[in-house]
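Have a look at the structure below, then the notes.
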Amino acid sequence: MISRSPNVVIVMARCSRSRNTFGIRFEEKDNGQWLADWAFAIKETKARKEGYGRSEIAGAIGFDLAYPGCPYCRATSLFKCSCGQVACWDRERNTVTCPWCGSTGELSGSFRSLSGGSDL
Ligand SMILES: [Zn+2]
Ligand SMILES: [Zn+2]
């Protein structure tokens with residue numbers, strides 16, 4: 001039996017409401033899709049020490065059924081700002097304010113930009 005260690009990346013995000021940071025665990029599936037399956041509250045300083053948020057993920061992105069949502073406000077999706085940072089998104093508001101850089105904008109295609117390609 002060959003066991004392949006899963007390709008796992010932790011992406012740093014920030015809560016749109018509380019502005020607290022959290023990490024999102026993405027795992028690459030056999031078909032090349034990245035699925036978010038866990039989110040956990042973490043301090044920005046600790047995340048830096050662990051080296052989280054350095055890697056970019058490319059390809060199709062989706063959410064595992066187990067994905068618990070933002071650890072602060074339970075928002076079940078994410079958006080990526082033009083500043084390159086990721087924040088939680090409740091799938092309802094189309095006008096969002098980035099908790100990292102403070103810019104407000106209209107969302108187009110929710111998660112698309114993080115994947116750099118395929119639509120969900
Ligand atoms: Zn949130
Ligand atoms: Zn931003």
Side-chain angles (χ1 to χ4, degrees):
M1 201 176 99
I2 301 161
S3 71
R4 188 171 74 96
S5 66
N7 201 355
V8 169
V9 167
I10 306 293
V11 171
M12 286 307 297
R14 205 175 260 201
C15 176
S16 297
R17 292 182 197 196
S18 69
R19 302 193 168 205
N20 291 321
T21 46
F22 63 102
I24 306 153
R25 182 185 186 276
F26 280 93
E27 190 173 316
E28 190 177 23
K29 300 297 174 185
D30 289 338
N31 59 6
Q33 191 186 30
W34 289 91
L35 278 191
D37 57 11
W38 185 242
F40 54 94
I42 187 168
K43 288 222 165 64
E44 202 172 351
T45 45
K46 178 148 199 297
R48 283 229 181 86
K49 225 189 264 174
E50 304 274 352
Y52 292 164
R54 274 193 215 142
S55 33
E56 284 270 321
I57 53 180
I61 287 176
F63 293 90
D64 195 273
L65 285 177
Y67 182 69
C70 170
Y72 304 104
C73 71
R74 300 288 150 204
T76 53
S77 192
L78 303 163
F79 71 92
K80 189 176 188 183
C81 176
S82 52
C83 72
Q85 301 286 8
V86 179
C88 74
W89 181 54
D90 60 11
R91 298 179 193 255
E92 279 165 25
R93 292 163 299 160
N94 280 323
T95 305
V96 293
T97 301
C98 173
W100 297 87
C101 69
S103 66
T104 298
E106 286 275 306
L107 277 185
S108 50
S110 63
F111 212 149
R112 203 170 301 177
S113 50
L114 184 61
S115 70
S118 346
D119 297 355
L120 283 176

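In this structure the side chain of Glu27 never reaches within 4.5 angstrom of the side chain of Leu35, judged on heavy atoms. Looking only at side-chain heavy atoms (C-beta outward), Leu107 and Trp89 come within less than 4.5 Å of each other. Cys88 places none of its side-chain heavy atoms less than 4.5 Å from the side chain of Tyr72. Taking the side chain as every heavy atom from C-beta outward, Met12 and Arg48 never approach each other to under 4.5 Å. Contact check for Tyr52 versus Ile24: no side-chain heavy atoms found under the 4.5 Å cut-off. When side chains are defined from C-beta on, Trp100 counts as touching Thr21, because their heavy atoms get closer than 4.5 Å. When side chains are defined from C-beta on, Pro68 counts as touching Arg74, because their heavy atoms get closer than 4.5 Å. Inter-residue side-chain proximity for Cys81 and Ser103 is flagged as met; some heavy-atom pair is nearer than 4.5 Å.
Separating the CD atom in Glu50 from the CD1 atom in Ile42 is a distance of 5.5 Å, to the nearest 0.5 Å.
Heavy atoms only, all atoms of each residue included: Cys73 and Cys70 are closest at N-SG, 3.5 Å. When all heavy atoms are compared, the tightest approach of Ala39 to Phe22 is CB-CD1, 4.1 Å. Nearest heavy-atom pair across Pro99 and Arg14 is O-NH1, 3.1 Å.
Ser77 places no side-chain N or O within 3.5 Å of a backbone atom of Arg91 that could act as its donor or acceptor partner.
A cation-pi arrangement is not found for Arg25 relative to Trp38, the charged atom failing to lie both closer than 6.0 Å to the ring centre and inside a 45° cone about the ring normal.
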- Task: Decide yes or no on side-chain contact (heavy atoms from CB on, under 4.5 Å) for Leu78 and Tyr67, but give the supporting numbers first.
- Result: CA-CA 12 Å; Leu78 303 163; Tyr67 182 69; 4.0 Å; yes
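With respect to Arg93, the side chain to side chain donor-acceptor pair (under 3.5 Å) criterion is satisfied by exactly one of Thr97, Asp90, Thr95: Asp90.
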